[in-house]
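Below is one structure; the comments refer to it alone.
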Amino acid sequence: MFNIPVQFAEASEPASGIGAFNINLKSFLFQLTTFVIVLLVLKRWVLPPLMTTMEKRRETLEKSLEQAKATQEALAQAETRAEEIIAKARVAADEALAEGRKTIEGMIVNAEATAAERAALIIKDAEARLGQERQRLRTELRAELAELVAAATEKIIRQKLDKQADRILIEQSLKELA
Amino acid sequence: MNKVSRRSLARYAADRLLAGDFAPEVAKAVASVLVEDKRLNEAELLLADINFELESRGKVATALITAANDLGDKLRIEIKSLVKKASKVDRVILNEQIDKSVIGGLRIETATRIWDKTVARQLNELRKVF
């Protein structure tokens, strides 16, 4: 394409001004017109769809970025929320654990108290039984002792108490009754 | 026909005896009632009731004396006097029995009271004290 102006320039004579640059005005105008036409064509039919496409693409990218940003924020919020939930769950777990520990300690204390009371009752019951048994043995021993004393006394009295002594005893009894 | 109560029969016998009826006749009448009513097993209790009636009316007290040895006349007189005074009766009848188990002393038992001064009873008291 550039050969043509050069040929036109070679065919013409050397000129001054713009001709000094070997520019063919007709060719220049033709090229300019062609350029303008191409420019108009591009502006009329090529650029608008291209711009529209690029705009859509840009919007899509912006939306994607916004969505990504929103997603990131949601993710951050979710992480924060999750951390809060985990923190709350941890606190709740700690509280539940403490409560459970407290309950278990209370149960242990109650169980110990109950066991102590039961042990005291068992000891008391055992002591009472021991006391009763001791009392029973003491009573039996006393009864046996009384029987021995009475038997010994009876034996001695039977040996010592002859008719004369019996008579004296009866006379004393009658005096007491009189 | 309603049966005569033992107490009524005892009162009837006591009345007749105190009225001076012959004792065997009274006994025969009372015995006939017991036989008629088939109550011969009540004879001992009836005698006790008659004694109670006689003693309660201040007439006769029948005393059962239990001792380990024979009492002798002197003691019998003393016992009669004692029972007569205590029971406030006109006459005292003594029934004696020798029982070696009493060891010593004596027991006087009338229809209304008992005096127990035996050694056996005192030994039993000793056992109870322990």
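Order of the sequence lines fixes the chain letters, A, B, ..., with proteins taken first and strands second; residue numbering starts at 1 for each chain.
B/Leu40 and B/Val33 fall within a single hydrophobic cluster, where Ile, Leu, Val, Met, Phe, Trp and Tyr are joined by side-chain heavy atoms under 4.5 Å apart, directly or via other members. B/Val30 and B/Leu18 fall within the same hydrophobic cluster, defined by Ile, Leu, Val, Met, Phe, Trp and Tyr side-chain heavy atoms under 4.5 Å apart, directly or through other members. Clustering ILVMFWY residues whenever any of their side-chain heavy atoms sit less than 4.5 angstrom apart, transitively, puts A/Ile122 in a cluster other than the one holding A/Leu130. Note on B/Leu46: it clusters hydrophobically with B/Val26, by side-chain heavy-atom contacts below 4.5 Å among ILVMFWY residues. B/Leu17 and B/Phe22 are assigned to two separate hydrophobic clusters, defined by single-linkage of ILVMFWY side chains at heavy-atom distances under 4.5 Å.
Of all the heavy atoms in A/Arg167 and B/Leu75, the pair that sits closest is NH1-CD1, 3.7 Å. Pairing each heavy atom of B/Lys100 with each of A/Arg158, the nearest pair is O-NH1, 3.4 Å. Shown here for B/Gly105 and A/Leu169, the closest heavy-atom pair between the two residues is N-CD2, 3.6 Å.
For A/Arg57, the CZ atom is loosely surrounded, since the number of other residues' heavy atoms within 6.0 Å does not exceed 12. Applying the 6.0 Å contact sphere to CD of A/Glu55 captures more than 12 heavy atoms from other residues, nucleotides or ligands. When the shell of 6.0 Å around CZ of B/Arg91 is examined, it contains 12 or fewer heavy atoms from other residues, nucleotides or ligands.
In this structure, B/Gln122 CD and A/Ser173 OG are separated by 7.0 Å, a value rounded to the nearest 0.5 Å. With rounding to the nearest 0.5 Å, the separation of CZ in B/Arg127 from CD in A/Glu154 is 6.0 Å. Rounding to the nearest 0.5 Å places CG of A/Leu174 at 5.5 Å from CD1 of B/Ile108. For the atom pair CG of B/Asn69 and CD1 of A/Ile170, the computed distance is 7.0 Å after rounding to the nearest 0.5 Å. One finds the CG atom of A/Asp166 at 10.5 Å from the CD1 atom of B/Ile103 (value rounded to the nearest 0.5 Å).
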Start with the C-alpha distance between A/Glu171 and B/Lys74, add both sets of side-chain angles, then the distance that settles side chain to side chain contact (heavy atoms under 4.5 Å, CB included), and finish with yes or no. CA-CA 10 Å; A/Glu171 286 175 354; B/Lys74 186 185 172 188; 4.0 Å; yes
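Contact count against chain A (heavy-atom pairs under 4.5 Å) is highest for B/Leu82 among B/Val119, B/Asp70, B/Leu82, B/Ile79.
With a 4.5 angstrom heavy-atom cutoff, A/Glu176 touches chain B only via side-chain atoms.
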